[in-house]
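Remember, it's 1-based here, ligands and their atoms both numbered in the order they're listed.
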Amino acid sequence: MSFILHFLLGCCLLASARATCNVCNAVNNLTCYSLNQTQACDANNLPTGLPFSCPTDYVCVSGANGVICEPEASAASQADCQECNMCDTTNTFACTGTSSFALCLGTDTLQDSVGTCADGYVCNINATQICDLPADGIMPTCSYADDSTDSSTTSPPPTTTAPSTSNPTTYCAAVQAEGRFSVGTDAYTTCRQYILCSLVSGSWEGQTYTCPGSLYFSSATNLCVAAMPSTCSTSVSSTTSTTAAPTTSNPAAYCAAMMSQGYYPVGTDPSTTCHQYIYCFLLSGTWSGEMYTCPGSLYYNSSSKICASALPSTCSATVASLTLNGVALE
Ligand SMILES: *[C@@H]1O[C@H](CO)[C@@H](O)[C@H](O)[C@H]1NC(C)=O
Ligand SMILES: *[C@@H]1O[C@H](CO)[C@@H](O)[C@H](O)[C@H]1NC(C)=O
Ligand SMILES: *[C@@H]1O[C@H](CO)[C@@H](O)[C@H](O)[C@H]1NC(C)=O
Ligand SMILES: *[C@@H]1O[C@H](CO)[C@@H](O)[C@H](O)[C@H]1NC(C)=O
């Protein structure tokens with residue numbers, strides 16, 4: 001019994017010592033901040049302070065000898081912080097930033113999808129529910145260095161969002177004010193979102209949220225409201241011929257945004273939309289969609305595209321918002 005316990009402890013300690021970005025290595029109390037930067041850890045085993053760069057052509061490796069900079073030529077494959085923008089083993093999602101992710105829909109490539117973690121939660125490729133808390137020992141898979149430099153993978157390209165709001169953290173760093181800020185003027189997409197800026201340990205952090213249901217963000221009241229603000233335009237939205245708002249409750253418009261035949265997820269609410277899926281198909285040159293509900297208490301798995309009993313990782317309150325091809329999943 002105690003042998004088994006020791007074996008288990010041994011295995012998991014070893015695993016956590018080997019893994020990865022932002023995880024403190026107990027051997028020398030350092031972590032890899034990025035592919036080529038180290039960072040100190042505090043007494044609570046959490047990364048703290050400014051990152052230190054490895055010498056040129058060296059990479060950060062966390063292993064049995066602690067966190068060390070090793071020559072890139074020999075250690076490139078062992079370098080930490082390389083799982084950002086990679087789909088998880090179930091091909092369900094990929095972390096695209098420290099608190100953002102994208103769906104993979106059963107492929108090993110990121111789809112045109114933007115998911116955000118709830119406030120304070122971070123995206124981890126191995127987390128059961130995608131986003132989890134650093135306080136629970138779950139650290140972000142992506143480097144914080146990626147958040148400020150790599151906005152291309154986290155921004156939804158087809159919308160009319162001003163470039164400055166596409167990366168909430170750089171946006172908040174520019175605005176330098178706490179509070180909620182409107183994102184754009186597209187009545188179907190960005191008008192329903194807002195960026196929440198907060199000052200965390202002296203640095204500005206921003207997160208994009210989507211108002212629940214069909215509510216709009218009102219910059220006048222700083223709340224999600226039913227009435228569409230006058231700044232929002234319904235004409236700028238889609239290049240498709242559809243006039244209906246592309247929401248998941250409107251399968252035809254949703255499918256016009258997907259522009260591909262197949263099965264797609266509807267939402268992230270475990271009690272309702274997680275049981276549903278939409279089948280998109282081309283009918284006489286026009287995209288059509290049909291919404292289905294899984295039988296009994298089964299959930300729709302966006303990777304296997306079948307109804308199954310296991311709760312999908314996307315169905316969690318730790319997920320703040322999720323879009324697919326610009327359409328907000330509910
Ligand atoms: C995820 O789990 C795999 C397999 O256990 C491990 O190799 C990898 O380092 C883990 N990644 C993170 C970011 O925790
Ligand atoms: C790492 O931190 C722990 C806990 O704070 C401390 O006991 C240990 O001496 C430190 N190790 C090194 C190598 O600094
Ligand atoms: C560290 O890696 C980044 C991105 O891979 C690169 O732009 C930067 O030049 C590297 N820094 C050093 C000191 O090698
Ligand atoms: C969803 O399907 C994928 C692919 O078959 C599978 O690996 C994964 O475990 C499933 N997710 C859940 C929550 O069962």
Side-chain angles (χ1 to χ4, degrees), residues 8 11-25 31-39 47 50-64 67 69-73 75-99 101 103-108 117 122-134 136-150 152-153 263-265 268 270 274-275 277 294 297-316 319:
L8 286 174
C11 101
C12 300
L13 278 177
L14 206 70
S16 69
R18 226 183 83 250
T20 52
C21 215
N22 299 304
V23 174
C24 287
N25 187 314
T31 182
C32 289
Y33 178 86
S34 74
L35 184 73
N36 54 19
Q37 287 167 298
T38 66
Q39 190 181 20
L50 292 171
F52 287 93
S53 290
C54 290
T56 306
D57 298 332
Y58 276 65
V59 290
C60 185
V61 175
S62 182
V67 165
C69 293
E70 293 188 14
E72 188 179 5
S77 65
Q78 291 140 262
D80 260 20
C81 306
Q82 296 197 85
E83 289 177 296
C84 195
N85 294 314
M86 277 173 52
C87 294
D88 75 327
T89 52
T90 70
N91 285 343
T92 303
F93 74 100
C95 294
T96 56
T98 56
S99 62
F101 64 95
L103 293 177
C104 294
L105 298 183
T107 70
D108 59 6
C117 296
V122 295
C123 181
N124 184 291
I125 192 171
N126 293 329
T128 326
Q129 299 300 331
I130 300 179
C131 305
D132 214 320
L133 288 170
D136 294 342
I138 307 293
M139 302 308 287
T141 293
C142 293
S143 168
Y144 285 95
D146 298 329
D147 281 352
S148 43
T149 56
D150 197 8
S152 58
T153 52
Y263 295 90
Y264 294 99
T268 60
C274 282
H275 297 288
Y277 59 95
C294 290
S297 57
L298 301 184
Y299 299 99
Y300 178 69
N301 180 324
S302 67
S303 173
S304 62
K305 303 182 189 333
I306 57 171
C307 294
S309 55
L311 184 71
S313 51
T314 42
C315 298
S316 166
V319 169

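Between P270 and L311 there is a side-chain heavy-atom pair separated by less than 4.5 Å.
Only the side chain of E83 comes within contact range of ligand 1, with a heavy atom under 4.0 Å; no backbone atom does. Residue contacts with ligand 3 for C54 involve N, CA, C or O but no side-chain atom from C-beta outward (heavy atoms, distance under 4.0 Å). With a 4.0 Å cut-off on non-hydrogen atoms, N91 does not touch ligand 4 at all.
Put simply, the side chain of N301 never gets that close to the backbone of I306: no donor and acceptor are under 3.5 Å apart. For T31 (side chain) and P47 (main-chain N/O), no donor-acceptor pair under 3.5 Å exists by modelled atom type.
Distances from ligand 4 to the non-hydrogen atoms of T92 include no value under 4.0 Å.
For the cysteines C81 and C142, the sulfur (SG) atoms lie at a distance of at least 2.5 angstrom from each other. The SG atoms of C69 and C60 are placed at least 2.5 angstrom from each other.
Residue contact check: A310 has heavy atoms under 4.0 Å from atoms 12 (C), 13 (C), 14 (O) of ligand 4. Close approach of ligand 1 to N126 is summarised as follows: ligand atoms under 4.0 Å from at least one heavy atom of the residue are 1 (C), 2 (O), 3 (C), 8 (C), 10 (C), 11 (N), 12 (C), 14 (O).
Distances between N or O atoms of N36 and those of ligand 3 include at least one value under 3.5 Å. Taking only nitrogen or oxygen atoms, main chain and side chain alike, N301 reaches within less than 3.5 Å of ligand 4.
In this pair, F93 and F101 present their aromatic rings perpendicular. The plane angle is above 60°, beyond the 30 to 60° band.
Protein heavy atoms are found inside the 4.0 Å sphere centred on atom 14 (O) of ligand 3.
Protein heavy atom closest to atom 5 (O) of ligand 3, with residue, atom name and distance, is L35 CD2, 4.0 Å.
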